[in-house]
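This report concerns only the one structure given below.
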Amino acid sequence: MYKFAKGAALVLFSLTLTACSTSKGFEDEAISNKSPEGLYAQSRTSMELGNYSKAVRTLEALDSRYPFGPHKTQVQLDMIFAYYKMDDVASGIANIDRFLRLNPTHPDIDYVYYMRGLTNMQADNYLFHDMMNIDRTDRDPKNAQDAFKDFNRLIKSYPNSKYAADAQHRMQYLKNRLALYSIKVAEYYIKMEAWSAAAVRAQTVMEQFPGTPATERALEIMATAYDKLGQDELLQNVSAVMAANYPNNELLTN
């Protein structure tokens with residue numbers, strides 16, 4: 001019985017591979033027999049249906065076979081969007097940087113910087129953590145930093161872009177995220193009784209991310225660190241700032 005089940009499983013697996021191979025063969029043949037216009041129309045249909053993996057295969061074939069075709073730049077732009085929808089960050093960034101290098105004066109260059117920011121922001125997000133409401137602001141912030149730079153470049157270079165307003169909104173979210181990361185680091189230093197390091201890290205929140213919700217916590221950390229270090233003058237300065245902005249803070253009322 002076991003041998004029969006094992007044999008049946010092998011046959012089923014073989015049939016599945018054959019079916020996939022046959023399907024891919026038909027798909028490759030369909031791609032190879034189409035004109036550039038036909039391929040592009042096919043990729044647009046796949047995009048509209050949400051089949052981004054199929055769209056990418058068609059677009060990649062079009063890009064490699066007809067690199068100087070009539071749709072060459074639009075093909076690259078479509079690939080950038082499709083990779084983003086597929087959550088393929090590495091391919092997305094690679095194609096974005098390639099486009100920026102080859103088409104620095106393209107009229108849609110603002111869109112490409114916007115997509116670079118979105119792609120880096122996507123790389124920083126952890127959907128599972130969001131679904132489970134798990135706080136992971138202590139994770140490596142490199143992608144968030146890169147996304148912030150991308151959106152900042154878009155706003156400074158193309159202030160009238162139709163993507164500028166959304167980029168500005170996303171930058172505020174990223175500022176909050178990066179400020180919270182610095183707070184996590186400062187709190188770790190507090191735990192390790194590295195008071196100077198904690199104060200310096202908290203001060204970066206005040207300097208680089210002013211006006212974020214993390215500001216009050218940064219002041220608390222600085223006050224605690226200066227108290228432990230015996231830096232009375234600095235402690236008084238921090239307390240004055242706290243009193244002016246957060247008069248109900250527990251450190252002031254204790």
Does the side chain of [X] reach to within under 4.5 Å of the side chain of [Y], using non-hydrogen atoms?
X      : Y      : answer
Tyr40  : Thr58  : no
Pro141 : Asp124 : no
Asn143 : Met121 : no
Phe209 : Thr215 : no
Gln145 : Leu174 : no
Arg98  : Asn95  : yes
Ile96  : Tyr113 : no

- Task: Output, in order, the C-alpha distance, side-chain angles, deciding distance and verdict of side chain to side chain contact (heavy atoms under 4.5 Å, CB included) for Lys72 and Tyr66.
- Result: CA-CA 8 Å; Lys72 62 178 182 178; Tyr66 307 101; over 6 Å; no

Using every non-hydrogen atom in the two residues, find where [X] and [Y] come nearest and quote the distance to one decimal.
X      : Y      : value
Ala164 : Tyr158 : CB-O, 4.2 Å
Leu178 : Ala144 : CD2-CB, 3.9 Å
Asp150 : Asn120 : OD2-ND2, 2.9 Å
Ala198 : Ala186 : CB-O, 3.7 Å
Met222 : Ala202 : CG-CB, 3.5 Å
Leu251 : Ala223 : CD1-CB, 4.2 Å

- Run the numbers on Tyr189 and Trp195 for side chain to side chain contact (heavy atoms under 4.5 Å, CB included), then give the verdict. CA-CA 7 Å; Tyr189 288 140; Trp195 309 115; over 6 Å; no

- Query: Got a sec, which residues hit salt bridge (Lys or Arg N to Asp or Glu O under 4.0 Å) with Arg201, two or more places apart in sequence or on another chain?
  - Reply: none

- Just jot down the salt bridge (Lys or Arg N to Asp or Glu O under 4.0 Å) partners of Asp110, sequence neighbours excluded, or say none. none

Could you state the interatomic distance from [atom1] ([X]) to [atom2] ([Y]), rounded to the nearest 0.5 Å?
X      : Y      : atom1 : atom2 : value
Gln236 : Gln231 : CD    : CD    : 11.5 Å
Asp87  : Tyr52  : CG    : OH    : 13.0 Å
Gln76  : Leu100 : CD    : CG    : 10.5 Å
His71  : Arg44  : NE2   : CZ    : 10.5 Å
Thr224 : Glu187 : OG1   : CD    : 10.5 Å
Asp166 : Arg170 : CG    : CZ    : 4.5 Å

Indicate if [X] and [Y] have the same hydrophobic cluster label, given that clusters are the connected sets of ILVMFWY residues with side-chain heavy-atom separations under 4.5 angstrom.
X      : Y      : result
Tyr188 : Tyr181 : yes
Met86  : Leu77  : yes
Leu62  : Leu49  : no
Tyr173 : Tyr163 : yes
Val200 : Ile190 : no

- Message: Less than 3.5 Å apart, any donor N or O on the side chain of Gln172 or Gln168 sitting next to an acceptor on the other?
- Response: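 On atom types as modelled, these side chains do not qualify, holding no pair under 3.5 Å.
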
- Tell me yes or no: between the side chains of Glu233 and Asn237, is some donor less than 3.5 Å from an acceptor?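 Side chains of Glu233 and Asn237: no pair found under 3.5 Å.
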
[X] side-chain N/O to [Y] backbone N/O, donor-acceptor pair under 3.5 Å:
X      : Y      : answer
Ser64  : Ala61  : yes
Gln122 : Tyr84  : yes
Asn51  : Lys54  : yes
Asn152 : Phe148 : no
Ser157 : Leu154 : no
Asp63  : Leu59  : no

- Query: Can you list every ring-ring contact (aromatic ring centres under 6.0 Å, His included) pair that touches residues 216-242, not counting sequence neighbours?
  - Reply: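 Pairs touching residues 216-242 that pass the test: none.
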
- Message: If you apply the rule ring-ring contact (aromatic ring centres under 6.0 Å, His included), what do you find for Phe99 with His106, and how did you get there?
- Response: CA-CA 9 Å; Phe99 189 95; His106 192 275; 5.2 Å; yes

- Can you check side chain to side chain donor-acceptor pair (under 3.5 Å) on Gln74 and Asp78, steps first, answer last? CA-CA 6 Å; Gln74 190 58 49; Asp78 287 351; 2.9 Å; yes

- Query: Is it true that Arg217 and Glu220 make a salt bridge, defined as a side-chain N closer than 4.0 Å to a carboxylate O?
  - Reply: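 Yes, Arg217 and Glu220 are salt-bridged.
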
- Message: I'd like to know if Lys142 pairs up with Asp146 as an ion pair, taking the criterion as any Lys NZ or Arg NE/NH1/NH2 lying under 4.0 Å from an Asp or Glu carboxylate oxygen.
- Response: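 A salt bridge is present here (some side-chain N lies under 4.0 Å from a carboxylate O).
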
